[in-house]
J.: 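I am attaching a structure below and will ask some questions about it afterwards.
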Amino acid sequence: MDVTMAMFAAKRLLMALATVLVVAVLAFLLVHAMPGSPGAVSLGAGASQEAIDDVNQRLGWNDPLALQFFRWLGEAVQGNFGTSLIDGRSVSADLASRLPVTASLAAGATVLSAILGIGLGVTAAVRGGLLDRIIGGFVGLLVALPAFWIGIIFVYLFAVQSSVFPATGYVPFEVSPQDWALSLALPVITLAVGGAAFIARQTRASMLEALQQEHIRTLRATATPTWKILYVHALRYASLPIVAGIALQFIGLFGGSVIAEQLFAMPGLGQAVQSSVSTHDAPAVQGVVVIATVVVVAVNLLLELATKFLDPKLRAS
Amino acid sequence: MIPSITPTATPRKTALAKFSGHRLLTSPGGLAGAVWLAALVAASLTAPWWLPYKTEDQDFTAVLSGPSAAHWLGADELGRDLLSRIFASAAGTLGTSLITVIVGVGLGTILAMTAAASDRAEGIISRVTEIMMSLPGTVIILAVIGAVGTNIPLIMAILGILISAGIYRVMLGQAKSLQSQLYVDAAKVDGVGTLGISVRHVLPGLMNTVVVQSALIFAVGMLIQAGLAFIGFGPPIPQPSWGGMIQSASQHVYDAPWLMVPSGAVLALTVLSANAIGNALGKSPNAAASHLPSAAIRRKRAADAAAAAAAAPAVENAPAAGQLSVRGLSVGVDGGTPLVTDVTFDVAPGTVLGLVGESGCGKTMTAVSLLGLLPSGVSVTGGQILWNGKNLASATEKDLEGIRGRDIALISQEPMRALDPMFTVGYQLTAAIRRLRKAGKAEARAAALSLLEKVGIVDAQRILKSYPHQISGGMAQRVAIALALSGKPRLLVADEPTTALDVTVQAEILSLLRSLVKDTGMSVVMVTHDLGVVADICDNVAVMYAGQVVEGGRTASILDNPRHPYTLALLAADPHANTAHDMPERLATIKGQVPQPKDWPAGCRFAARCQFAGSACAVPVPLLPSGSEDGEVRCVKADELAVEGLGWLATEVPTHRVLEIVEKDMA
């Protein structure tokens with residue numbers, strides 16, 4: 001860690017903050033473009049116009065947009081995203097209970113897809129021939145199958161035909177670590193399938209590129225054993241784009257968990273987005289969009305720093 | 001008759017020519033994908049005329065039924081015909097996915113071209129797209145749906161905007177390289193505006209990538225659209241959609257699992273088709289130029305080597321220990337073009353052989369074949385490489401591993417690329433020493449230090465701790481030489497070791513090599529195109545042209561008394577070979593280029609560029625003793641030239657140019 005690295009980290013951190021701010025503005029504007037005022041949404045269909053106006057007045061809905069935004073931002077940086085228009089509960093508390101669900105899903109799926117993807121990709125690149133073509137065809141098929149379809153098939157196979165895993169629901173880790181793992185298994189595998197296929201492709205391409213580098217010939221010319229060339233030198237060279245691919249995958253999986261949560265009835269952020277969007281629950285939508293962005297940006301930042309750390313040119317200049 | 005070489009102007013490629021449509025037709029997957037998509041669109045557009053049922057027709061006798069004569073793909077929970085619903089909704093799904101493609105790829109391409117045209121624009125656009133790429137896209141899209149409702153075309157357009165950031169990333173590098181082409185600079189000088197350059201010169205070059213990305217994004221669009229319909233944000237209820245159908249099927253996975261199959265299969269097939277088209281048109285990463293062939297290729301090579309060893313006669317009159325004898329060596333692309341044919345030379349212990357010739361003569365292929373390090377896709381097709389009683393041309397990988405580094409070592413042209421950028425010099429050097437000298441850790445460290453000092457590095461301690469990118473090219477080449485010496489080899493193969501270096505550094509590296517030969521008694525095969533290097537360090541020379549040795553012998557006799565027209569031409573064209581007083585007013589040139597291996601003629605391969613070529617040159621020419629010492633030459637006119645004392649003319653007017661002028665005048 002020296003000046004270059006610190007500068008790099010500072011620049012990235014600034015970019016991350018800018019990203020979150022942009023999304024906050026975007027979310028605010030989107031929510032204001034939603035049909036129906038907060039009063040109308042929260043009081044429901046039968047409410048009188050006076051009651052609606054009264055609620056809107058109380059929420060400051062008629063104030064200038066900029067004022068509303070900064071009022072919201074001031075609360076948001078303190079961790080308060082307001083109350084739901086539908087059930088009056090604190091949005092922050094609701095999201096706090098949902099975040100671990102989605103985080104477990106996305107993290108689990110990322111780890112699993114990285115292990116499977118790197119394994120398949122390296123095997124395809126290193127073994128070549130028929131095995132390469134078989135893996136290529138398999139990966140191509142997995143990329144084409146939608147995650148939700150695969151998920152339903154998993155439910156059919158492992159929960160309906162044989163009840164190895166529970167079909168739906170989520171058990172918090174604090175309640176029972178074993179049930180927690182079992183309840184995550186199917187959704188995580190469902191999400192990981194597509195991710196693994198993506199990472200396998202990235203890994204195969206990066207490994208093949210690494211093996212085309214001239215220093216591989218130098219290693220062979222000095223009688224380096226094949227396993228060492230492949231798994232120490234080539235994989236190390238290929239690791240930069242692979243880790244970048246994994247970071248990209250996490251972003252996709254975090255969003256993609258909406259579908260897995262719906263399919264397996266998991267009380268996560270994705271389900272919150274889906275239901276709050278359906279009910280036009282403005283504070284909830286705003287809160288969940290910002291929280292999702294913060295998580296994704298933070299993890300992305302960490303992974304990117306890790307990537308740069310893998311590169312000696314940036315690490316030790 | 002002299003085959004005249006007309007200067008081949010690169011044909012102006014049109015945008016259409018660059019879009020390699022033929023690749024789609026020659027790839028079975030791509031072709032099948034295109035056929036499926038076309039059939040699906042045609043079937044969907046004509047659906048009202050041929051579909052057996054309307055999408056809302058309910059057949060209560062067939063609720064949740066499997067395939068039957070009445071309902072080929074079965075019926076859903078309301079007894080609606082699945083076949084009809086799937087095909088009726090196809091056009092809508094494909095059409096709206098096309099919106100994402102047009103917006104995403106279109107915007108991405110425009111952004112990439114804008115960024116390529118100006119550094120300032122690139123700074124801004126890159127920042128913005130970086131932010132876009134680190135957003136949780138699905139969540140944003142859902143928030144948009146909250147604001148605008150399930151307006152599918154609009155949502156797909158916004159999805160396109162989000163995706164354009166990724167497209168921009170893919171295209172930027174290519175757009176920048178196109179923008180920096182010389183003909184673009186020329187167009188700028190001619191006063192063509194930024195827009196004109198982008199549209200006329202950059203866009204055509206991007207066309208293939210645009211098509212590939214379009215196909216891939218089309219697939220992504222379909223998947224996301226289906227996913228949205230699956231979670232309830234699809235077209236309004238009675239209207240069928242693929243994702244919606246899968247969603248309702250998922251409700252019945254317990255009692256009617258069949259329902260999952262038709263809609264899922266059609267969606268997967270369509271996505272697969274779009275991907276197949278994209279992959280067929282795109283450049284798929286392949287193992288073509290790998291320096292470590294895949295396990296499958298290594299197995300095949302081992303089998304070939306075993307077969308060759310079994311078939312080949314025992315090594316007769318084996319050369320003395322430490323002597324390298326290459327006999328009739330041929331190297332070629334697997335199942336195709338030869339790259340090196342019938343090359344023969346000897347290297348005695350303690351001597352230096354120069355392999356000389358222009359680029360593309362097969363020098364490097366000959367050199368790396370000595371260590372069995374040909375890239376995958378290229379292999380030895382004939383002849384012998386005799387070393388210590390073994391024929392390396394048919395040796396197993398295991399035998400070669402015992403020889404590489406310990407007996408025969410390699411240094412290559414670009415020292416920076418020859419060292420692993422991810423590891424320190426110290427790691428690479430000590431690992432090699434521990435392996436090749438069976439040394440312990442501390443011992444290897446000491447040996448590494450003394451090796452670095454031996455190759456003339458003063459602050460060896462610092463260099464050991466450095467990464468390759470932290471040292472200069474000359475320093476890196478010294479490190480590469482130290483690495484090559486770590487196994488105390490008896491033969492060093494040096495592939496243009498000084499070409500990539502500054503002139504002063506070149507001289508230092510050459511004098512280092514010369515003193516190493518003197519001190520260690522090892523022999524060297526030195527690949528070079530520099531006759532100065534040959535004169536400086538080589539005892540013997542083999543001049544190569546188009547995969548053949550055209551002249552060989554002792555350095556002094558060949559430089560003083562060249563016999564082959566190609567050697568004559570090389571010497572006449574070399575400013576260093578002429579001493580100051582006899583420096584000609586203009587240096588000679590050799591018109592044309594080294595022919596591509598596939599264009600090699602049956603006769604003399606140099607004939608097309610030779611000033612002395614005649615009808616006798618059209619038949620294959622053998623390598624014959626030249627008469628001076630143990631020299632050999634491959635030219636039917638060698639004796640004639642020697643007797644006449646002819647030299648290569650510097651001021652030559654190529655015949656075909658005269659002809660062109662005459663033709664122009666007559667026209």
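Chain letters run A, B, ... following the sequence lines, proteins first, then strands; residues in each count from 1. None of these values were measured; they are calculated from a predicted model.
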J.: Could you check whether any side-chain N or O of B/Arg298 sits under 3.5 Å from a backbone N or O of B/Pro293, counting only pairs where one atom can act as donor and the other as acceptor?
T.: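 Judged by distance alone, yes, a pair lies under 3.5 Å.
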J.: Let's go through A/Glu261 and A/Thr102 carefully: what are the C-alpha distance in whole Å and the side-chain angles of both, what is the deciding distance for side chain to side chain donor-acceptor pair (under 3.5 Å) to 0.1 Å, and is it a yes or a no?
T.: CA-CA 8 Å; A/Glu261 286 171 22; A/Thr102 304; 2.7 Å; yes
J.: Less than 4.5 Å apart, side chain to side chain, heavy atoms only: is that true for A/His233 and B/Phe423?
T.: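 When only atoms from C-beta onward are counted, B/Phe423 and A/His233 do touch, with a gap below 4.5 Å.
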J.: Do B/Ser486 and B/Arg437 pass the side chain to side chain donor-acceptor pair (under 3.5 Å) test, and can you show the C-alpha distance, the side-chain angles, and the key distance before you say yes or no?
T.: CA-CA 8 Å; B/Ser486 54; B/Arg437 295 190 186 173; over 6 Å; no
J.: Heavy-atom distance under 4.5 Å between the side chains of A/Pro146 and B/Phe230, does that happen here?
T.: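 The answer is no, as the side chains (C-beta and beyond) never meet within the 4.5 Å cut-off.
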J.: Which answer fits A/Val126, side chain, backbone, both or neither, if we ask what part of it has an atom under 4.5 Å from a heavy atom of chain B?
T.: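 Backbone only.
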J.: Closer than 4.0 angstrom, basic N to acidic O: yes or no for B/Glu397 and A/Arg220?
T.: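 A salt bridge is present here (some side-chain N lies under 4.0 Å from a carboxylate O).
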J.: Out of B/Leu436, B/Thr150, B/Asn275, return the one with the most heavy atom pairs under 4.5 angstrom to chain A.
T.: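 Highest number of heavy-atom pairs under 4.5 Å: B/Leu436.
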J.: Contact part of A/Val232 toward chain B, heavy-atom cut-off under 4.5 Å: side chain, backbone, both or neither?
T.: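 Both parts, heavy atoms under 4.5 Å.
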J.: Identify which of A/Val155, A/Thr293, A/Ile153, A/Leu219 forms the greatest number of heavy-atom pairs closer than 4.5 Å to chain B.
T.: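 Ranked by contacts with chain B, first place is A/Thr293.
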J.: What residue in A/Ile152, A/Ile216, A/Leu29 has the most heavy-atom pairs under 4.5 Å with chain B?
T.: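 Counting heavy-atom pairs under 4.5 Å, the top option is A/Ile152.
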J.: Shorter than 4.5 Å, heavy atoms on both sides: which option in B/Gly264, B/Pro421, B/Gly137, B/Ala268 has the most such pairs with chain A?
T.: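 Of B/Gly264, B/Pro421, B/Gly137, B/Ala268, B/Pro421 has the most heavy-atom pairs under 4.5 Å with chain A.
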J.: B/Leu373, B/Val253, B/Leu410: which one forms the most heavy-atom pairs within less than 4.5 Å of chain A?
T.: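 Sorted descending by pairs with chain A, the first entry is B/Leu373.
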J.: List the atom of B/Ser263, the atom of B/Met245, and the distance in Å for their closest heavy-atom pair.
T.: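 Between these two residues, the closest heavy atoms are CB-CB, 4.1 Å.
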J.: Which answer fits B/Arg127, side chain, backbone, both or neither, if we ask what part of it has an atom under 4.5 Å from a heavy atom of chain A?
T.: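 For B/Arg127, the contact with chain A is made by backbone and side chain together.
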J.: Which one, A/Phe148, A/Trp149, A/Tyr156, A/Phe250, leads in non-hydrogen pairs under 4.5 Å with chain B?
T.: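 The answer is A/Phe148.
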J.: Please answer whether the main-chain N or O of B/Gly372 pairs with a side-chain N or O of B/Arg404 as donor and acceptor at a distance below 3.5 Å.
T.: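 It does hold such a pair.
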J.: Using a cut-off of under 4.5 Å for heavy-atom pairs, which of B/Val493, B/Asp420, B/Ile231 has the most such pairs with chain A?
T.: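 Result: the option with the highest number of such pairs is B/Asp420.
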J.: Given that the side chain runs from C-beta out, which part of A/Gln213 has a heavy atom under 4.5 Å from chain B: side chain, backbone, both or neither?
T.: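 Looking at A/Gln213, just its backbone touches chain B.
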J.: With a 4.5 angstrom heavy-atom cut-off, is it the side chain or the backbone of A/Leu141 that approaches chain B, or both, or neither?
T.: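 A/Leu141 touches chain B through backbone and side-chain heavy atoms alike.
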J.: Between chain B and each of A/Thr226, A/Leu263, A/Val288, count heavy-atom pairs under 4.5 Å; write down the option with the most.
T.: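 When all of A/Thr226, A/Leu263, A/Val288 are compared, A/Thr226 has the most.
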J.: Go through the atoms of A/Leu30 and report whether side chain, backbone, both or neither lie under 4.5 Å from a heavy atom of chain B.
T.: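 Answer is both: backbone and side chain atoms of A/Leu30 are under 4.5 Å from chain B.
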J.: Output the distance between atom CD (A/Gln271) and atom OG (A/Ser276), rounded to the nearest 0.5 Å.
T.: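 One finds 10.5 Å between CD of A/Gln271 and OG of A/Ser276.
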J.: What residue, out of A/Ala33, A/Ala223, A/Gly129, A/Gly270, has the most heavy-atom pairs lying under 4.5 Å from chain B?
T.: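 Maximum pair count with chain B is reached by A/Ala223.
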J.: Can you tell me which portion of A/Val20 sits under 4.5 Å from chain B's heavy atoms? Options are side chain, backbone, both or neither.
T.: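 It is neither, since no heavy atom gets under 4.5 Å.
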J.: Please confirm whether the backbone N or O of A/Ala125 pairs with a side-chain atom of A/Asp132, one donor and one acceptor, at under 3.5 Å?
T.: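 No: the side chain of A/Asp132 does not pair with the backbone of A/Ala125.
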J.: Count the heavy-atom pairs under 4.5 Å between each of A/His280, A/Met15, A/His32 and chain B, then report the option with the highest count.
T.: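 It is A/Met15.
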J.: So which of B/Leu135, B/Ile224, B/Ile408, B/Thr270 has the largest heavy-atom pair count under 4.5 angstrom toward chain A?
T.: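 Most heavy-atom pairs under 4.5 Å with chain A: B/Leu135.
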J.: Given that the side chain runs from C-beta out, which part of A/Leu240 has a heavy atom under 4.5 Å from chain B: side chain, backbone, both or neither?
T.: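 Contact with chain B is through the side chain of A/Leu240 alone.
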J.: Return the option, out of B/Ala249, B/Ala432, B/Ala143, with the maximum number of heavy-atom pairs under 4.5 Å with chain A.
T.: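 Highest number of pairs under 4.5 Å: B/Ala143.
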